[in-house]
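FYI, the numbering just counts along the sequence from 1.
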Amino acid sequence: MGRIIEHPILGEIGESKKISISVDGKTYTALEGEMIAAALMANGIQTFRFTKHHAPRGIYCGIGRCTDCIMIVDGVPNVRTCVTPVQEGMRIETQYGTGAWKRGNDNA
């Protein structure tokens with residue numbers, strides 16, 4: 001899946017600065033100001049999290065109302081990626097289950 005460059009309601013997407021983000025330890029390119037979910041989809045990533053029953057989830061509503069697109073962003077679980085803009089150097093991780101805050105050196 002590629003990046004949407006023209007939208008029937010939002011119009012044409014202008015030139016944006018390219019930035020780097022990390023997803024599960026791999027570096028990807030994103031456009032400054034785009035939502036995390038859009039950047040992931042433009043890079044071919046469609047699974048954002050797995051439920052407690054191990055079912056994969058990706059973008060669903062795209063407006064922040066559901067929780068299918070939640071991921072761990074810079075150590076914070078349950079971030080709705082469809083309404084959160086990317087930032088240079090952002091660390092994004094696939095979320096498994098309900099998400100847990102990282103404390104100190106453990107991964108609880």
Side-chain angles (χ1 to χ4, degrees):
M1 177 177 286
R3 183 169 271 115
I4 296 170
I5 56 171
E6 188 175 327
H7 189 277
I9 296 171
L10 302 175
E12 190 172 318
I13 306 302
E15 290 293 317
S16 295
K17 177 182 170 186
K18 290 184 179 178
I19 61 173
S20 293
I21 58 173
S22 168
V23 182
D24 293 330
K26 293 176 70 176
T27 302
Y28 293 92
T29 301
L31 298 179
E32 189 172 64
E34 74 181 333
M35 299 302 115
I36 295 170
L40 298 179
M41 291 171 55
N43 282 286
I45 300 169
Q46 295 182 19
T47 299
F48 298 175
R49 74 178 184 101
F50 290 87
T51 67
K52 64 182 179 179
H53 301 291
H54 312 289
R57 294 290 186 260
I59 191 98
Y60 181 71
C61 77
I63 59 172
R65 299 295 292 173
C66 75
T67 57
D68 275 356
C69 71
I70 60 174
M71 296 181 85
I72 301 167
V73 178
D74 291 332
V76 178
N78 302 319
V79 174
R80 286 178 166 89
T81 61
C82 68
V83 294
T84 304
V86 293
Q87 294 180 351
E88 177 69 45
M90 190 173 258
R91 292 179 345 272
I92 303 161
E93 301 170 66
T94 300
Q95 182 166 312
Y96 296 88
T98 58
W101 291 88
K102 293 184 178 178
R103 293 176 256 156
N105 291 329
D106 69 21
N107 291 327

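Contact detail for Gly62 and Cys82: the closest heavy-atom pair is C-SG, 3.7 Å. The minimum heavy-atom distance linking Phe48 with Met41 is given by the pair CZ-CG, 4.2 Å. Listed here is the closest heavy atom pair of Gly75 and Arg91: N-NH2, 4.0 Å. The two atoms that bring Pro56 and Thr47 nearest to each other are CB-CG2, 3.8 Å, heavy atoms only. Closest approach of Ala37 to Ile59, counting heavy atoms only: CB-CD1, 3.6 Å.
Side-chain atoms of Thr67 and Arg57, non-hydrogen and from C-beta on, never get closer than 4.5 Å to each other. A 4.5 Å side-chain heavy-atom check between Ile45 and Tyr28 finds at least one atom pair inside the cut-off. Put simply, the side chain of Glu34 does not reach to within 4.5 Å of the side chain of Pro85, judged on heavy atoms. Considering only heavy atoms from C-beta on, Leu31 comes within 4.5 Å of Lys18 through its side chain.
Note that OG of Ser22 and CE of Met90 are 11.5 Å apart. Values are rounded to the nearest 0.5 Å. With rounding to the nearest 0.5 Å, the separation of CE in Met71 from CD1 in Ile36 is 8.0 Å. Here the straight-line distance linking atom CD1 of Ile72 with atom OG1 of Thr94 works out to 8.5 Å at 0.5 Å rounding. To the nearest 0.5 Å, atoms CG (Asp68) and CZ (Arg80) are separated by 10.5 Å. Note that CD1 of Ile21 is 6.5 Å distant from CG of Asn43, once rounded to the nearest 0.5 Å. Distance CG/Leu40 to OG1/Thr81: 6.0 Å, rounded to 0.5 Å.
The closest donor-acceptor contact from the side chain of Glu32 to the backbone of Ile19 lies at 3.5 Å or more, if one exists at all.
Other residues, nucleotides and ligands contribute over 12 non-hydrogen atoms within 6.0 Å of the CZ atom of Phe50. No more than 12 heavy-atom neighbours from other residues, nucleotides or ligands sit within 6.0 angstrom of CD on Gln87.
By the rule that hydrophobic residues join a cluster once side-chain heavy atoms approach within less than 4.5 Å of another member, Ile70 and Met35 end up as members of separate clusters.
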